[in-house]
Every structure is written in C-alpha cells, then in structure tokens.
Number of protein chains: 2
Amino acid sequence: MSRRSGILEFAVLGLLRESPMHGYELRKRLNTSLGIFRAFSYGTLYPCLKTLVANGWLIEEPGSAPEDALAASLAGRRAKIVYRLTAEGKEHFEELLSHTGPDAWEDEHFAARFAFFGQTEREVRMRVLEGRRSRLEERLEKMRASLARTRERLDDYTLELQRHGMESVEREVRWLNELIESERAGRDQRRSGPGSPAEQEGTSGEADGLPRHRDAASSGGTPPGHPGPPDPSADTTK
Amino acid sequence: MSRRSGILEFAVLGLLRESPMHGYELRKRLNTSLGIFRAFSYGTLYPCLKTLVANGWLIEEPGSAPEDALAASLAGRRAKIVYRLTAEGKEHFEELLSHTGPDAWEDEHFAARFAFFGQTEREVRMRVLEGRRSRLEERLEKMRASLARTRERLDDYTLELQRHGMESVEREVRWLNELIESERAGRDQRRSGPGSPAEQEGTSGEADGLPRHRDAASSGGTPPGHPGPPDPSADTTK
DNA sequence: GTTTTCATGTAACCCGTTACATGATTCA
DNA sequence: TGAATCATGTAACGGGTTACATGAAAAC
C-alpha cells in the first residue's frame, strides 16, 4: 500500500499540467526539477503513462515530426509521442492535490506534494505541512525513547549515528515550522474573509509567504580535490 | 546489484558478533540500536538467517527453554532458535568490515558500515568517511548544476524544496568533515608508527576521536500538541 | 482463562529494475 | 558514415512485503 507508483502518477499529471511532454523528457524533469525522487526507470514510466491514458487522464498526440511530417504519417513510423492532460486528467489531478490523507506526509509522498504546492490551496498546504510535522515529531519521540532505553549499551559511533539522525529530523521540523509560520503570515497579511477566492497564480506566481533564505545555491564551489577515492558509479541512465 | 539484502547480512553478522540472539530480537535491534535501517520484515530476515547458516557463518542453537527444558526435547517442539556466529562467520564479517568498495558509501550501506565503526580499523573508517564525502560532494555538484540550469523556470516552492535538499547534503558533508578531522586528530595524538598493532577495544571501548557533541538527546521533551491531525499509521509491527 | 507479546516460518504477490530490442536524429 | 543521444517499448527477473499459519510464554 501507499504505492510508490502513486507518486509517479501524481507527479506525471502535475508536470503535464504545466505543459505537454513526451516520456523521455518527463523522466528528466522527474529527476531534475523535482530532484527529490530517485529516478524511475522507463520500465516503470511508460507503463504508467499507458494506464493514465487508459484512464482518460492523458491523450497521446503525435509529436512534432520536425523534419518531414509527411513521411511520418506513412509507414508505421514510430514518432515521438507527446502526452497532454485531458480535462478529466486536470480534474483528477486537482482532486489529488486536495487530498490530505496520512500518506500525504510520508517521506516521498510529501516531497511530491510539496513540489506542487504552487498549485495547491493554502489551506491544504497548511494541513500537509502540519501533518508532516506531527509525523516527524512522533518519529522523534520514538527515537528519543529508544535512545533513552539503550543509551548505555551503545558504543560511541552508534550513538553518534543516532544523534546525527535525530538532529536531521529536528532540523526538518524547524524547517516546517518556518514554512508554517510563513504560510500563516501570508494569510494574515491578506486578511482573507470567509469567501475569498481560491488563489490563481500561474506557474510563475509569487507563492506567498515563503521564508526568504540566503541564495538557493549556498556555499561556494567545490573546494578542489579531497583525496577521497573517485566513484565510478556516477551515471544513473546508462 | 548493491543488493539491500547484503546490508542485512552484514548487520546480522555484526550484531551476532556481539552476542548470540534469536531472530525476533535481532529484528528489534536492527530497528532500534541501528535505528537507521527501515525495518526488514520477517519474511526477509528468516530466509536470510537460513542462508547464513547454509554458508556456515552461523549455527542454530536450541534456545534457552527457561521453563521446562525436558519437554522441549520431546515432541518436535518449536523452540527459540538462537543464532551464534561461527569462526568462519567471524572471519567473513571481518573481511566485510575491511572492504572499502564504492558501495560502502551508498546511503544505506554507509549507515550500516558506520554503525559498526567501533569494530572497524581506523584506516578503513577514514577511507569510508572520505568516500562518502566525495560521493556527497559529487551529488551536490550535480544539484548545483541542475539548479543553475533550471532556476528561473521553477516556482518558489520547488526552489525551496531544492534549497532544503541541498542544505541537507551540505550539512552531512560538514558532519563528515568533523568526523574525519576527529579521526585524524585521534591518529596524530597516538603518533602511531608504521607497525602499530590494530586496535583491540571491545564493545565497551572508547572509540577514539569522536567530536564531542552536546548531549545526544538534544532539545527538550515534546511541546504538547500541535493541532496537526493524528496519524493512525504509527505501528510498524502489526 | 483469555489477551498480548514473543517467536518462527512460508507462499503469494506487488512492484520496480535490468536487460534487451528497435529505431530516429544529431553531431563529428 | 559511424557514434552518441534521443526516444519508445517489453519481458524476465529479483527482492521485499503482506498475509497467513502456528504455537509458546507472559501478563492481566
């Protein structure tokens, strides 16, 4: 349950909502723009697209055959297939966007949800952020308890590992706190009455109330060469 | 490749090196002491134990039948099975401990390796830490590049997600730096000549040179109740 | 005395990757 | 013209979880 493939469907719909694309590019975007998800393989992506089409959420369109559009229409030429979101697809995606069930704040789900916050209503954003936070606090509580129980029996390295793990979670909680605060501030600023219209900011919209951080590309370039051994396993695609 | 189950085998051998245990307890330790790995199910653990036995690395011993040891020996009574590391098993584990191949610094592998640093030679520890660090720096480089390429096209939330992701990695790099520094300092302190004997500190040993952090259980107890919705999916076991 | 927790196991299933097959387009 | 990249697909395989079956010990 809580199928990982659900995340894929969601992300695909979300990306296609912005603009039609073919599978190959879709996959790239899945890794870069939404850098979070570790790459899905084509063996997963294409079948997924198929089912989305079968559900009527996407339609396949003949891709731009840039060189000779004529030849393309002749023999069973395999051309680019561009996927476009249908009206039902859009509707479905919007529904997914509004869900706030418990899985919305599981690690990978959460990242996917967050990536599309720009198209999510503020109220939903709040619920997801708060859900995630309480999920993490729960986890922290467990870690603390378990640590308290076993502390003396653990050697220094295990302890250090534990410590670092907890600190990571604490850090994410603080991050969420900032985000939640900003969301709240954003709402307060606008004094939105009960009937205020849902936001309508396109892709380029200024999502309100994000905490202003020092520039996204923080610390400077790589300080040249640690002696660390090179890692040949760089390429994901090949 | 880089099978996740390899991690299991490694961790099992490592835990059993400290003391014999039965499967059930083993699994608990896998989640708590080495809190890192997300739980393996019994469906994975028991078969794994079987193969380890088949390899001659473990032997099954009749568990302590505390109440009536007599009855146990009678009818095919299914008793606790305690697994104990054999000499070959120990040897094998020690060999695994000394490996420093590229997979030693993949996320989950690394955590497992680190968890047993107390039994790892300092030189190997260094190589693993440095390998991990360069792996992460590589990753950072990619993230920076991809971010630079797509920056303007991304909305604020996606950007924020990216930023937070990068910061997490940067944070781990800093952590590794501290650890490496400590390891180095530890070695320097001891002025170990070329022929210095391998360390021989038991489970309780003071692993040298860990950076001293404010107490492991950082920040205070849970500030009572955020309004966040409760999450019924707490229990892993059931 | 019945519910929980401890304890061991297996088989079916789900899901994603790997590896392969195929072909178009671009670049050297 | 041949290599690299773009592009779409599928079948087999691997590996881990879920769900189930079974039963002892402890707690209530």
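We use all heavy atoms of the structure for the numbers below, so side chains are in, but hydrogens, waters and symmetry mates are not. A, B, ... follow the sequence lines: proteins, then strands. Residue 1 opens every chain. The model shown is predicted, which means the values in this text are computed figures rather than measured ones.
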> Would you say Lys50(A) reaches dT8(D)'s phosphate, i.e. side-chain N/O to OP1/OP2 under 4.0 Å?
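Negative; the distance criterion is not met.
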> Roughly how many Å is it from CG in Leu45(A) to P in dG9(D), rounded to a whole number?
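It is 10 Å, rounded to the nearest whole Å.
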> In sequence, state the C-alpha distance, the side-chain angles, and the governing distance for Phe93(A) and Phe116(A), and then conclude on ring-ring contact (aromatic ring centres under 6.0 Å, His included).
CA-CA 11 Å; Phe93(A) 178 65; Phe116(A) 292 101; 5.8 Å; yes
> Would you mind reading off the distance between Glu108(B) atom CD and dG15(D) atom P, rounded to a whole angstrom?
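Interatomic distance, CD of Glu108(B) to P of dG15(D): 14 Å.
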> Out of dT17(D), dA7(D), dG16(C), which nucleotide sits closest to the side chain of Ser5(A)?
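Minimum distance to the Ser5(A) side chain belongs to dG16(C).
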> Partners of Val169(B) by side chain to side chain contact (heavy atoms under 4.5 Å, CB included), sequence neighbours excluded?
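Side chain to side chain contact (heavy atoms under 4.5 Å, CB included) check on Val169(B) returns Leu136(B), Leu140(B), Met143(B).
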> For Phe40(A), give me all partners under side chain to side chain contact (heavy atoms under 4.5 Å, CB included), at least two apart in sequence or on another chain.
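If we apply the side chain to side chain contact (heavy atoms under 4.5 Å, CB included) test to Phe40(A), skipping adjacent residues, the hits are Arg4(A), Leu8(A), Thr44(A).
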> Look only at the side chain of Arg27(A) and the backbone of Leu45(A), and say whether a donor-acceptor pair between them is shorter than 3.5 Å.
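Side chain of Arg27(A) to backbone of Leu45(A), a donor-acceptor pair under 3.5 Å: no, none is there.
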> Send over the distance from Lys80(A) NZ to dT25(C) P, rounded to a whole Å.
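Answer to the nearest Å: 9 Å.
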> Answer with base, sugar-phosphate or nothing: what part of the nucleic acid does Gly23(B) contact at a heavy-atom distance below 4.0 Å?
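Sugar-phosphate, backbone atoms only, no base.
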> Checking Glu60(A) now: which residues fulfil salt bridge (charged side-chain N to carboxylate O under 4.0 Å, His left out) with it, not counting sequence neighbours?
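Scan of Glu60(A) (salt bridge (charged side-chain N to carboxylate O under 4.0 Å, His left out), adjacent residues dropped) gives none.
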> Look at Tyr46(B) and dT8(C) and indicate whether a side-chain polar atom (N or O) is within less than 4.0 Å of OP1 or OP2.
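So the side-chain polar atoms of Tyr46(B) do come within 4.0 Å of the phosphate oxygens OP1 or OP2 of dT8(C), strictly under.
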> Output the rounded distance in Å from CD1 (Ile81(A)) to P (dG23(C)).
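Going from Ile81(A) (CD1) to dG23(C) (P), I get 15 Å.
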> Please report, rounded to the nearest Å, how far the C1' atom of dA7(D) is from the CZ atom of Arg29(A).
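Distance, rounded to whole Å: 17 Å.
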> For the helix from dG1(C)-dC28(D) to dA28(C)-dT1(D), what angle separates the axis at the start from the axis at the finish, each from five pairs, in steps of 10°?
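Roughly 30°, once rounded to the nearest ten degrees.
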> So what does Lys28(A) touch, heavy atoms closer than 4.0 Å: a base, only the sugar-phosphate, or nothing?
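Counting heavy atoms under 4.0 Å across all strands, no contact is made by Lys28(A).
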> Would one find a side-chain N or O of Tyr42(B) under 4.0 angstrom from OP1 or OP2 of dG9(C)?
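Negative; the distance criterion is not met.
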> Verify the contact: side-chain N or O of Thr44(A) to OP1 or OP2 of dG16(C), cut-off strictly under 4.0 Å; return yes or no.
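For Thr44(A), the contact criterion (side-chain N or O under 4.0 Å from OP1 or OP2 of dG16(C)) is not met.
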> Checking His164(A) now: which residues fulfil side chain to side chain contact (heavy atoms under 4.5 Å, CB included) with it, not counting sequence neighbours?
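With sequence neighbours excluded, His164(A) shows a side chain to side chain contact (heavy atoms under 4.5 Å, CB included) to Ser168(A), Arg171(B), Glu172(B), Trp175(B), given in chain and number order.
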> Taking only residues two or more places apart in sequence or in another chain, which ones pass salt bridge (charged side-chain N to carboxylate O under 4.0 Å, His left out) with Glu88(B)?
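For Glu88(B) there are no salt bridge (charged side-chain N to carboxylate O under 4.0 Å, His left out) partners, ignoring immediate neighbours.
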> What is the distance from CG of Leu8(B) to P of dG16(D), rounded to the nearest Å?
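The answer, rounded to whole Å, is 8 Å.
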> Where the side chain of Arg4(A) is defined as all heavy atoms beyond and including C-beta, which of dT17(C), dT8(D), dT10(C) is the nearest nucleotide?
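Shortest atom-to-atom distance from the side chain points to dT17(C).
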> How many Å lie between CG on Leu49(A) and P on dA7(D), as a whole number?
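Going from Leu49(A) (CG) to dA7(D) (P), I get 14 Å.
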> Does Gly43(B) or Glu25(B) map to a spot on DNA chain C nearer the 5' end, using the closest nucleotide for each?
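Residue closer to the 5' terminus by nearest nucleotide: Glu25(B).
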> Roughly, in whole Å, what's the span from NE2 in His22(B) to C1' in dT5(C)?
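Checked: the NE2 to C1' distance equals 11 Å.
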> Side chain of Ser41(A) only, heavy atoms from C-beta on: which candidate in dT8(D), dC6(C), dT18(C) is closest?
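The nucleotide sitting nearest to the side chain is dT18(C).
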> If we ignore angles and hydrogens, is there a donor and acceptor under 3.5 Å between the side chains of Gln119(B) and Glu94(B)?
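There is no such pair between these side chains.
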